[in-house]
Amino acid sequence: MPTSLNINGQMRTVNAPEGTPLLWVIRDELELTGTKFGCGVASCGACTVHVDGEPTRSCQTYIEDVEGAEIVTIEGVNSDVASAVHQAWNELNVVQCGYCQSGQIMSAIGLLSGNRTPTVDEIESYMWGNACRCATYQRIRAAVERASEILEA
């Protein structure tokens with residue numbers, strides 16, 4: 001069944017059956033592979049994209065539920081917040097294996113888009129549920145704090 005999706009500012013028509021997770025359309029149909037498959041049950045955050053500006057787990061979001069919504073993947077983020085997050089991630093060498101990082105970054109952008117000066121507790125609460133097998137949680141938190149500083153400058 002043809003479905004029209006607004007992905008990274010472009011209208012794309014995909015031919016996938018109803019009930020297809022957005023993750024598989026993004027990766028397999030559109031070949032945007034920055035969004036990762038982690039668990040398939042919306043527990044790890046590796047598949048996080050933004051739907052109408054909100055971080056959303058694409059492995060449990062069905063294409064028919066996001067038709068007409070604005071969907072942004074890691075390849076399409078482009079804002080002052082995204083720039084600050086990328087700068088902070090690079091400055092602090094957050095990435096170890098890197099597998100979870102697109103989801104971590106998408107969540108951090110979501111947090112800082114709504115709250116440019118979060119407390120440590122707010123960062124930890126918001127980022128909770130984004131699993132990092134390498135346990136770089138302290139570097140991730142520090143990078144979110146650094147991105148906040150960059151945005152305040």
Side-chain angles (χ1 to χ4, degrees), residues 1-90 92-116 118 122-137 139-141 143-144 147-148 151:
M1 160 182 254
T3 304
S4 295
L5 299 174
N6 179 352
I7 306 272
N8 298 333
Q10 295 182 339
M11 289 306 295
R12 305 288 297 267
T13 300
V14 298
N15 198 11
E18 209 171 273
T20 300
L22 177 60
L23 171 65
W24 299 121
V25 168
I26 290 169
R27 288 185 58 80
D28 295 344
E29 300 287 325
L30 303 177
E31 298 180 349
L32 298 169
T33 57
T35 304
K36 304 297 185 199
F37 172 77
C39 66
V41 295
S43 290
C44 75
C47 68
T48 301
V49 298
H50 291 177
V51 176
D52 290 333
E54 292 297 318
T56 303
R57 307 296 168 90
S58 64
C59 71
Q60 290 292 306
T61 301
Y62 303 111
I63 58 170
E64 64 269 17
D65 295 333
V66 292
E67 191 167 17
E70 183 180 336
I71 302 160
V72 178
T73 69
I74 190 74
E75 293 90 349
V77 291
N78 184 16
S79 67
D80 62 333
V81 173
S83 293
V85 169
H86 286 153
Q87 180 181 334
W89 246 250
N90 287 329
L92 299 177
N93 289 323
V94 172
V95 179
Q96 191 162 328
C97 86
Y99 196 81
C100 71
Q101 293 305 303
S102 62
Q104 300 281 0
I105 288 168
M106 295 300 282
S107 291
I109 292 168
L111 168 61
L112 293 170
S113 292
N115 178 1
R116 290 189 177 217
E122 289 170 330
I123 294 168
E124 289 178 356
S125 176
Y126 197 93
M127 298 298 290
W128 188 88
N130 283 73
C132 176
R133 292 182 179 122
C134 301
T136 63
Y137 299 112
R139 287 189 288 193
I140 291 166
R141 186 187 68 237
V144 174
S148 176
L151 289 167

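Values reported hereafter were calculated over all heavy atoms of this structure, with side chains retained and with hydrogens, waters and symmetry mates removed.
Between atom CD of residue Glu70 and atom CG of residue Asn8 there is a gap of 9.0 Å, rounded to the nearest 0.5 Å. We find the OG1-CZ distance between Thr48 and Arg57 to be 4.5 Å, quoted to the nearest 0.5 Å. Here CZ of Phe37 is found 8.5 Å from SG of Cys47. Values are rounded to the nearest 0.5 Å. Taking CE from Met11 and OG from Ser4, the interatomic distance works out to 5.0 Å, rounded to the nearest 0.5 Å. Here OG1 of Thr13 is found 8.5 Å from CD of Glu67. Values are rounded to the nearest 0.5 Å.
Taking Cys100 as the reference, Gln104, Cys132 meet the side-chain contact (heavy atoms from CB on, under 4.5 Å) condition, with sequence neighbours excluded.
In this model, a donor atom of one side chain and an acceptor atom of the other lie less than 3.5 Å apart for Glu122 and Asn115. In summary, the side chains of Glu29 and Trp24 do not present any donor paired with an acceptor at a separation below 3.5 Å, with no hydrogens or angles considered. Checked by atom type, the side-chain pair Gln96/Arg133 shows no donor-acceptor distance below 3.5 Å.
With contacts defined as side-chain heavy-atom distances shorter than 4.5 Å, the pair Leu151/Asp80 qualifies. The shortest distance between side-chain heavy atoms of Trp89 and Ile105 falls below 4.5 Å. The shortest side-chain heavy-atom distance between Thr20 and Tyr62 does not fall under the 4.5 Å cut-off. In this structure, Leu22 and Leu5 have side chains that are in contact, with non-hydrogen atoms separated by less than 4.5 Å. Looking at heavy atoms from C-beta onward, Pro55 lies out of side-chain contact with Met106 at the 4.5 angstrom threshold. Annotation: side chain of Asn130 is not in contact with side chain of Tyr137 (no heavy-atom distance under 4.5 Å).
Between Pro17 and Ile63 the shortest heavy-atom distance is O-CD1, 4.0 Å. In this structure, Thr3 and Ala16 approach most closely via the heavy-atom pair OG1-O, 4.5 Å. In terms of heavy-atom proximity, Ser148 sits nearest to Pro118 at OG-CD, 4.0 Å. Of all heavy-atom pairs between Val49 and Val72, the closest is CB-O, 3.4 Å. The minimum heavy-atom distance linking Gly38 with Cys44 is given by the pair CA-SG, 3.6 Å. Closest approach of Leu112 and Val81 over heavy atoms only: CB-CG1, 3.6 Å.
In this structure, Asp65 places its CG atom where more than 12 heavy-atom neighbours from other residues, nucleotides or ligands lie under 6.0 Å away.
Between the Arg139 side chain and the Asn93 main chain, a donor and an acceptor come within less than 3.5 Å of each other. Not one N or O on the side chain of Asn6 forms a donor-acceptor pair closer than 3.5 Å with the backbone of Ile71. Judged purely by atom type and a 3.5 angstrom limit, Gln60 uses its side chain to pair as donor or acceptor with the backbone of Gly40. With hydrogens and angles disregarded, a donor-acceptor distance shorter than 3.5 Å links the side chain of Arg27 to the backbone of Thr33. The backbone N or O of His86 lies less than 3.5 Å from a partner atom in the side chain of Asn90, making a donor-acceptor pair. Remark: the backbone N or O of Thr61 is not paired with any side-chain donor or acceptor of Ser58 at under 3.5 angstrom. At least one donor-acceptor pair closer than 3.5 Å links the side chain of Ser102 to the backbone N or O of Gly34. Under the 3.5 Å distance criterion, the side-chain polar atoms of His50 are left unmatched by any main-chain donor or acceptor of Thr73. The backbone N or O of Ser79 sits less than 3.5 Å from a side-chain atom of Ser83, completing a donor-acceptor pair.
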List the steps, then state whether side-chain contact (heavy atoms from CB on, under 4.5 Å) holds for Met127 with Arg141. CA-CA 8 Å; Met127 298 298 290; Arg141 186 187 68 237; over 6 Å; no
Residues Leu23, Thr35; criterion side-chain contact (heavy atoms from CB on, under 4.5 Å); working and verdict: CA-CA 7 Å; Leu23 171 65; Thr35 304; 3.6 Å; yes
Is there a side-chain contact (heavy atoms from CB on, under 4.5 Å) between Thr136 and Gln101 once you walk through the steps? CA-CA 10 Å; Thr136 63; Gln101 293 305 303; 4.0 Å; yes
